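Values reported hereafter were calculated over all heavy atoms of this structure, with side chains retained and with hydrogens, waters and symmetry mates removed. Fair warning: this is a prediction, and the values are worked out from it, not measured in the lab.
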Amino acid sequence: QAQLVESGGGLVQPGESLRLSCAASGSWFSVNTAGWYRQAPGKQHEFVARITPDGTTDYANSVRGRFTISKDNAKNTLYLQMNNLKPGDTAVYYCDDGFGHWGRGTQVTVSS
């Protein structure tokens, strides 16, 4: 059974950076488009970034230029480098392996 585990969240000040990781077991980021999503309190689940098997990336307009999605197929791990964080980035971040499997999420809070 596939399992995804996100990590790397935390409390940071505006302008700071975080790197999220998503480790997969029983699934592989090398064979399908994987992505990061987030859900802020009182808001709907929203797309953040995705990466195809060949490494092509796509981003939500709100994070383009600040966030970078990447993966290490050998480690079966998905990453999200988040720079210049803003209070509006506060949310629980989830990874998706493209096969309908999700982790439990990691909380990111951006506050001064």
Side-chain angles (χ1 to χ4, degrees):
Q1 184 174 354
Q3 184 176 16
L4 306 181
V5 179
E6 301 95 340
S7 62
L11 171 63
V12 296
Q13 295 187 348
E16 294 186 338
S17 299
L18 282 174
R19 189 193 195 201
L20 305 184
S21 299
C22 174
S25 59
S27 186
W28 295 269
F29 294 123
S30 61
V31 298
N32 207 349
T33 296
W36 287 95
Y37 295 77
R38 67 187 182 186
Q39 187 166 23
K43 295 187 177 180
Q44 292 187 337
H45 210 223
E46 67 170 346
F47 163 74
V48 175
R50 65 171 64 95
I51 185 167
T52 65
D54 68 358
T56 301
T57 58
D58 187 28
Y59 299 91
N61 289 335
S62 60
V63 308
R64 186 173 289 113
R66 300 188 296 121
F67 290 12
T68 302
I69 187 172
S70 62
K71 60 180 178 174
D72 185 330
N73 289 334
K75 295 182 179 179
N76 213 19
T77 301
L78 186 70
Y79 302 100
L80 185 67
Q81 177 67 42
M82 307 187 295
N83 297 330
N84 190 21
L85 282 160
K86 302 177 180 181
D89 296 319
T90 295
V92 178
Y93 284 71
Y94 302 88
C95 63
D96 161 35
D97 65 356
F99 293 101
H101 304 121
W102 297 81
R104 292 190 173 185
T106 185
Q107 175 72 47
V108 172
T109 303
V110 185
S111 175
S112 55

Q.
Minimum heavy-atom separation for Arg66 and Asn84, please, with both atom names.
A. NH1-O, 2.9 Å

Q) Can you get from Ile69 to Val48 by hopping between Ile, Leu, Val, Met, Phe, Trp and Tyr side chains that sit under 4.5 Å apart? A) yes

**Q.** Partners meeting side chain to side chain donor-acceptor pair (under 3.5 Å) with Asp96 (sequence neighbours left out)
**A.** none

**Q.** Interatomic distance, Asp89 atom CG to Thr109 atom OG1 [nearest 0.5 angstrom]
**A.** 11.0 Å

Q. To the nearest 0.5 Å, what is the distance between SG (Cys95) and CG (Leu78)?
A. 6.0 Å

Q.
Applying a strict under-4.5 Å side-chain criterion to I, L, V, M, F, W and Y, I'd like to know whether Val108 and Phe67 cluster together.
A. yes

Q) Looking only at heavy atoms, which two atoms of Glu6 and Arg104 are closest? And how far apart? A) OE1-N, 3.1 Å

Sequence neighbours left out, cut at 3.5 Å: what donor-acceptor pairs do the side chains of residues 16-28 make with other protein atoms?
unit_1, atom_1, unit_2, atom_2, d
Glu16, OE1, Gln13, N, 3.0
Ser17, OG, Asn83, OD1, 2.9
Ser27, OG, Asp97, OD2, 2.6

Q: Answer whether the closest heavy-atom distance between the side chains of Met82 and Val63 falls below 4.5 Å.
A: no

Q: Applying side chain to side chain donor-acceptor pair (under 3.5 Å), name anything that partners Thr56, two or more places apart in sequence or on another chain.
A: Asp54

Q | Non-hydrogen atoms of Arg38 and Ser62 that approach each other most closely | A | NH2-OG, 3.4 Å

**Q.** Nearest-0.5 Å distance, CG of residue Leu80 to OG of residue Ser70
**A.** 8.0 Å

Q. Applying the 4.5 Å side-chain criterion to the ILVMFWY set and letting contacts propagate, would Leu85 and Tyr59 be lumped into a single cluster?
A. yes

**Q.** Sole candidate of Trp36, Trp102, Tyr93 that passes ring pair (Phe, Tyr, Trp, His ring centres under 6.0 Å) when paired with His45
**A.** Trp102

Q: Apply side-chain contact (heavy atoms from CB on, under 4.5 Å) to Gln107 and Thr90, showing your working.
A: CA-CA 8 Å; Gln107 175 72 47; Thr90 295; 4.1 Å; yes

(Q) I need the minimum non-hydrogen distance between Thr106 and Gly9, along with the two atoms involved. (A) OG1-N, 3.1 Å

Q. If we only count heavy atoms from C-beta on, is the Val110 to Pro14 side-chain gap below 4.5 Å?
A. yes

Q: Could you go through the side-chain contact (heavy atoms from CB on, under 4.5 Å) check for Val31 and Phe99 one step at a time?
A: CA-CA 10 Å; Val31 298; Phe99 293 101; 3.5 Å; yes

**Q.** Interatomic distance, Lys71 atom NZ to Thr57 atom OG1 [nearest 0.5 angstrom]
**A.** 11.0 Å

(Q) Applying a strict under-4.5 Å side-chain criterion to I, L, V, M, F, W and Y, I'd like to know whether Phe47 and Ile51 cluster together. (A) no

